[in-house]
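Every chain is numbered from 1 and lettered A, B, ... according to where its sequence line falls, protein lines coming before strand lines.
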Amino acid sequence: MLKLSNISKTFNLGTINEKKALQNISLTVNDGDFITIIGGNGAGKSTLLNTIAGVYSIDCGHIYLDNNDVSLKGEHEIAANIGRVFQDPMMGTATNLEIIENLALANRRGKRRTLAWGIKASEKQQYHEVLKRLGLGLENRMTSKVGLLSGGQRQALTLLMATLQKPKILLLDEHTAALDPVTAKKVLELTEEIVAEQNLTALMVTHNMKDAIAIGNRLIMMNQGQIVYDVSGEEKMNLTVEDLLRKFEEVSHESFANDRMLLVD
Amino acid sequence: MPFLLAIQSAVGQGILWGIMALGVFITFRLLDIADLTVDGSFATGGAVCAVALTSGINPFVAILMATVSGFIAGGITGILHTKFDIPAILAGILSQIGLYSINLRIMGRSNIPLLNTPNLFKDFPIGGLSNNWIVLIIGLVIAVVIIMISYWFFGTELGSAIRATGNNEKMVRSLGVNTNSTKIIGLMISNGLIALSGGLVTQAQGYADIKMGIGAIVMALASIVIGEVLISKGTNFMVTLAAIISGSIIYRIIITLVLQAGLSTDDLKLFTAILVAVALAIPTYLAKRRQVTTYKKMTKELEDAETK
């Protein structure tokens, strides 16, 4: 279980560029939750994920993972429990290393790196199997450098790497946004499959409202660094894109009004 | 045959200095860090080795001590760079400049001749060989051992993590690797090899000098660049390492040739700098030219098709 209590994050604190990215966020993610996160640009979606992953240090508040306080843990310390797929397909894999080397690195996520051989013979069969299910033929190119793969292939590989060693939380930051529609659909299907199969707890940021409604059991809308809508179960399933848009206008109205007032003044 | 002897000597020197180039390769190519500690740590290796030898320490142990001094020098650069966020180039320069004074302190003066001390090369067990041959044999054995160990190490979990750090730091951190540690370890190993090479060169030439490390980084880059021209990108790691040693040998031969042809030793550093700059620039220049030609070709085809 992941619990955020009253966390805030401000960029460029105390300068003229001060930006409150997260404001007093409290959120409890139950085991097995698959949450989709929507919201406008700058709403704080990515910041929220990066905060959970320990990339950003928070201003205040607490983050508990399975009742352990991980608020001040650094990125690599908390990584043992967290699988991540980034928006940019280039981010999740190491270009000059082989496919199998990338998988082996991921399989040791959060573990001590020793002087044991980087890839054990027994792992090769396992990697062959997991690559095969992607249906991209990568199992026959295991010693190819990742740089030779397309963006979609790399993203599918990153997803595999993120879940090779079961993470307590899977963070997906618009992981299909940079892909063409067909590839995006494939990667999304693969995501649902893997999450269901391993019964993972996942948070997925998306700009696609349809996906946000169709996927997962819970939906969160963010605006100006706050969670403005949190819906799950039956209520979420019955949502329509129009409902979301209306809700979106409703919450952002105030800020629009404020902007207008500024202009009129 | 003075010319052949000069070439033979160049090959031996190339191997000894090639080990230094292997060290630079670890930071420059694998970690993607331009580490300038080199010029300092190479001389540190020489200084530690020379002082150890004059104190009567076994020449082999003296080499190991030199290596450890390199580990420490690299570690300091690593800590400055990672823990205190000092840019890598600056951290390296700080170490390099600091090491100049430290090297003088270690040596006590600016030059230590090694006339009557034990010596790996002078005490070679097989008699009747010329000094050039001995340098060649010892250099080759040590180089092969180092290449084997490097091949093993960079295939381990830790070694893979170090290689990946130079590739995609963010990804490696997200996989739970402390990239500060991998960088520090990489810098330590790199400077360890550099200092080891410094110790070997000191024993081979029979003296240590405070200025022996000046320009070492450029020689290493020359070796790496020449070595990479020899092989295609993406070949086996062991071949890459061997190619760098070969690159160092070729560099020494080129230097010998231009000196024989009448180049003044005063101009040697400028020659090396130009050699490296040209070698680094050529691939980029060719790629750009290729792009322009393809663009022109494809545009022309397109226009031709339209006019038809």
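Using a 4.5 Å cut-off between heavy atoms, A:Ile82 contacts chain B through its backbone alone, with no side-chain atom that close. Contacts of B:Phe154 with chain A are absent, with no heavy-atom separation under 4.5 Å from either backbone or side chain. Contact annotation for A:Ala106: both backbone and side-chain heavy atoms come within less than 4.5 Å of a heavy atom of chain B. Only the backbone of A:Thr93 comes within less than 4.5 Å of a heavy atom in chain B; its side chain stays farther off. Contact annotation for A:Met90: only backbone heavy atoms (N, CA, C, O) come within less than 4.5 Å of a heavy atom of chain B.
For the pair B:Asn168 (side chain) and A:Met91 (backbone), a donor-acceptor distance under 3.5 Å is present.
Heavy atoms of other residues, nucleotides or ligands lying less than 6.0 angstrom from OH of B:Tyr151 number 12 at most. Shown here is A:Asn12, whose CG atom has more than 12 heavy atoms of other residues, nucleotides or ligands within 6.0 Å. More than 12 heavy atoms of other residues, nucleotides or ligands lie within 6.0 Å of CG in B:Leu90, so this atom counts as buried by the packing criterion. Atom NZ of A:Lys124 sits in a sparse spot, with 12 or fewer heavy atoms from other residues, nucleotides or ligands closer than 6.0 Å.
Taking 4.5 Å as the limit, some side-chain heavy atom of A:Leu115 sits within range of a side-chain heavy atom of B:Leu158.
Of all the heavy atoms in B:Ser174 and A:Ala79, the pair that sits closest is O-CB, 3.4 Å. Contact between B:Trp152 and A:Trp117 at its shortest, heavy atoms only, is O-CZ3, 3.2 Å. Shortest non-hydrogen contact noted between B:Ala164 and A:Leu105 is CB-CD1, 3.5 Å.
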Please walk me through it: do A:Thr114 and B:Thr156 pass side chain to side chain contact (heavy atoms under 4.5 Å, CB included)? CA-CA 7 Å; A:Thr114 66; B:Thr156 63; over 6 Å; no
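Rounded to the nearest 0.5 angstrom, A:Leu97 CG and B:Met171 CE are separated by 7.0 Å.
Of the candidates A:Glu75, A:His76, A:Glu77, A:His76 is the only one forming a side chain to side chain contact (heavy atoms under 4.5 Å, CB included) with B:Asn178. Paired with B:Glu157 under the rule salt bridge (charged side-chain N to carboxylate O under 4.0 Å, His left out), one option of A:Arg113, A:Lys111, A:Arg108, A:Arg109 passes, and it is A:Arg108.
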